[in-house]
Amino acid sequence: MIFFIIPYNKIGGAEKVHLEIIRSVYQHKRIIICFYDTDGSPISEDFSNIATIFILNSNLKKKLFTSVLISISYIFPITVFGCNSDHFYTLLPKIAKSSATVDLTHAFAFPDIGKEDIALNYIPLINKRIVINKRTLTDYENEYKAAGIDKNYLRRFQIIPNGIPINEFDPSLIDERFSKFKIGFVGRYSPEKRPELFLTLASSEIENGLMAKMIVDDFKLSKSDYVNIELVEGLTDAISVRKEFSDISVLIVPSLREGFPLVIMEAMELGIPVISTAVGSIEEHLENGKNGFISKSIDSDDFLKFCSEKIHLLAENKELYSKLSFSARIYAEEKFNINDFHKAYRSILLDVTK
């Protein structure tokens, strides 16, 4: 039996990763998922078809769940997996010592470190710690050193890059995207994603004859102010998202903070070049002039200028655009295969104590 302690039921890249982790083991173990909050979205069939789900959105529900989990841990062998959850760490001293424990960190929440510091109190109780890139492992190495944590505990870390399904690829899409050049933003409408920068960029590029598209969870501004931007809201299934994503010519990622965004992987799998800030581990995958462009500066004005230059470089040069598109697709095939991802998680979650 595996308990997944996950903070939110909502639409986002992290939630897609959690779903794929669960898919890696649901045929081998009974799965119980505990969400601590929800954005009001119904539990998707993707989750409900493979697991028993509880929404612990009140103190009473949390207390009841804690009591039940503690009792179960002393009767049956269980694995408890946590991601971005305070409650996961505070549970650890209470469950049976025979229980296996695993946590996942997508990225440090710079500058507002939170869960990473809370976990410092429970390091000996975490059997395995997963990070998605070298950058986050380095952040932990620095944190352990600063906190005086025995460096032997670093041996419990394992890097597992995120993965996505690699679908059939239609090369003719590249010509279509070049002929109808459209810049795109895909993601949550949240401050760290800086969608307002994309809106500014889109307004300018539309005046220059290009098109723009946003695929978001919920548009927070008046739509009447952005009538020329194609807007898609609230998609919940992967097929619809991929269909809407497919006609974007270049993906813009203005983020202030990321681990490695799933949306970049999804773009590259579709053969779509990416223009992004150099945050998180994006530099580990995105290479200037090869599969996209990466801005060293996160300053708003600098990034907008950088984007505009690179957009026009691609929109006016079909040979370069095609080169970057094919290169992005090839990189995704080699680096982001979901089968490798599933295999790595299965090996940990089914045998974590060994």
> Is the side chain of Ser179 donor-acceptor paired with the backbone N or O of Glu176 at a distance under 3.5 Å, no angle test?
Replying inline: yes
>> Set out, in order, the CA-CA distance, both residues' side-chain angles and the distance that settles salt bridge (charged side-chain N to carboxylate O under 4.0 Å, His left out) for Asp351 and Arg346, then state yes or no.
In response: CA-CA 8 Å; Asp351 201 17; Arg346 215 163 25 241; over 6 Å; no
> Under the 3.5 angstrom rule, does the side chain of Thr101 hit a backbone N or O of Leu125 as a donor-acceptor pair?
Replying inline: yes
>> For Phe336 and Tyr331, take the angle between the two ring planes, folded into 0 to 90°, and tell me which bin it lands in: parallel under 30, tilted 30 to 60, perpendicular over 60.
In response: perpendicular
> Is it true that a side-chain atom of Thr200 and a backbone atom of Glu196 form a donor plus acceptor pair closer than 3.5 Å?
Replying inline: yes
> Given Phe65 and Ile5, is the side-chain contact (heavy atoms from CB on, under 4.5 Å) satisfied, shown in steps?
Replying inline: CA-CA 11 Å; Phe65 166 74; Ile5 313 299; 3.8 Å; yes
>> Applying salt bridge (Lys or Arg N to Asp or Glu O under 4.0 Å) as the test, list every pair that has at least one member in residues 306-319; sequence neighbours left out.
In response: Asp175-Lys318
> Quick one: does Ser327's side chain have a donor or acceptor within less than 3.5 Å of a partner on Lys290's backbone?
Replying inline: yes
> What class does the angle between the rings of Phe108 and Tyr140 fall in, given that below 30° is parallel, 30 to 60° is tilted and above 60° is perpendicular?
Replying inline: perpendicular
> Can you say whether the rings of Phe306 and Phe293 are parallel (under 30°), tilted (30 to 60°) or perpendicular (over 60°)?
Replying inline: perpendicular
> Just by distance, do the side chain of Arg30 and the backbone of Thr52 share a donor-acceptor pair under 3.5 Å?
Replying inline: no
> Which word best sums up how the rings of Tyr89 and Tyr122 line up, parallel for under 30°, tilted for 30 to 60°, or perpendicular for over 60°?
Replying inline: parallel
> Which is it for Asp150 and Tyr144 under the side chain to side chain donor-acceptor pair (under 3.5 Å) test, yes or no, and what are the steps along the way?
Replying inline: CA-CA 7 Å; Asp150 187 338; Tyr144 275 33; over 6 Å; no
>> Checking side-chain polar atoms at under 3.5 Å, does Thr66 have a donor or acceptor matched by the opposite partner on His87?
In response: yes
>> Using a 3.5 Å distance criterion without hydrogens, assess whether the side chain of Thr105 forms a donor-acceptor pair with backbone atoms of Ala107.
In response: no
>> Does any part of the side chain of Arg242, heavy atoms only, come nearer than 4.5 Å to the side chain of Ile239, both counted from C-beta?
In response: no
> Do Ser24 side-chain atoms and Ile21 backbone N/O form a donor-acceptor pair below 3.5 Å?
Replying inline: yes
> Hey, are Asp247 and Lys213 close enough for a salt bridge, meaning a charged N less than 4.0 Å from a carboxylate O?
Replying inline: yes
> Is there a side chain to side chain donor-acceptor pair (under 3.5 Å) between Thr136 and Asn133 once you walk through the steps?
Replying inline: CA-CA 6 Å; Thr136 305; Asn133 52 53; 2.8 Å; yes
> Step by step, would you call Ile348 with Ile160 a side-chain contact (heavy atoms from CB on, under 4.5 Å)?
Replying inline: CA-CA 11 Å; Ile348 287 178; Ile160 304 181; 3.7 Å; yes
>> The criterion is side-chain hydrogen bond (donor to acceptor under 3.5 Å, both in side chains); which residues satisfy it with Asp170, sequence neighbours excluded?
In response: Ser172
>> Below 30° counts as parallel, above 60° as perpendicular, anything between as tilted: where do the rings of Phe219 and Tyr189 land?
In response: perpendicular
> Given the rule in the ring-ring contact (aromatic ring centres under 6.0 Å, His included) test, do Phe47 and Phe35 qualify, once you have shown the distances and angles that lead to the verdict?
Replying inline: CA-CA 11 Å; Phe47 280 107; Phe35 292 113; 5.5 Å; yes
> Is the shortest side-chain N to carboxylate O distance from Lys16 to Glu266 below 4.0 Å?
Replying inline: yes
>> Would you say that more than 12 heavy atoms from the other residues, nucleotides or ligands in this model lie under 6.0 Å from the NZ of Lys323, or not?
In response: no
> Does Glu287 offer a backbone N or O that forms a donor-acceptor pair with the side chain of Asn291 under 3.5 Å?
Replying inline: yes
>> Using a 3.5 Å distance criterion without hydrogens, assess whether the side chain of Asn127 forms a donor-acceptor pair with backbone atoms of Val102.
In response: no
> Is any NZ, NE, NH1 or NH2 atom of the basic residue among Lys151 and Glu141 found under 4.0 Å from an Asp or Glu carboxylate oxygen of the other?
Replying inline: no
>> For Glu283, is there an ion pair with Lys296 - N to carboxylate O distance below 4.0 angstrom?
In response: yes
> When you look at NZ of Lys128, are more than 12 heavy atoms from neighbouring residues, nucleotides or ligands closer to it than 6.0 Å?
Replying inline: yes
> Salt bridge check: are Glu269 and Arg329 linked by an N-O gap of less than 4.0 Å?
Replying inline: yes
>> The test is salt bridge (charged side-chain N to carboxylate O under 4.0 Å, His left out); show your working for Arg188 and Asp217 and say whether it passes.
In response: CA-CA 5 Å; Arg188 293 194 309 275; Asp217 54 349; 5.3 Å; no
>> Is it the case that over 12 heavy atoms from other parts of the model lie below 6.0 angstrom from the NZ atom of Lys145?
In response: no
> Any salt bridge between Lys335 and Asp340, counting N to O under 4.0 Å?
Replying inline: no
> Does a side-chain heavy-atom distance below 4.5 Å link Ile31 with Phe3?
Replying inline: no
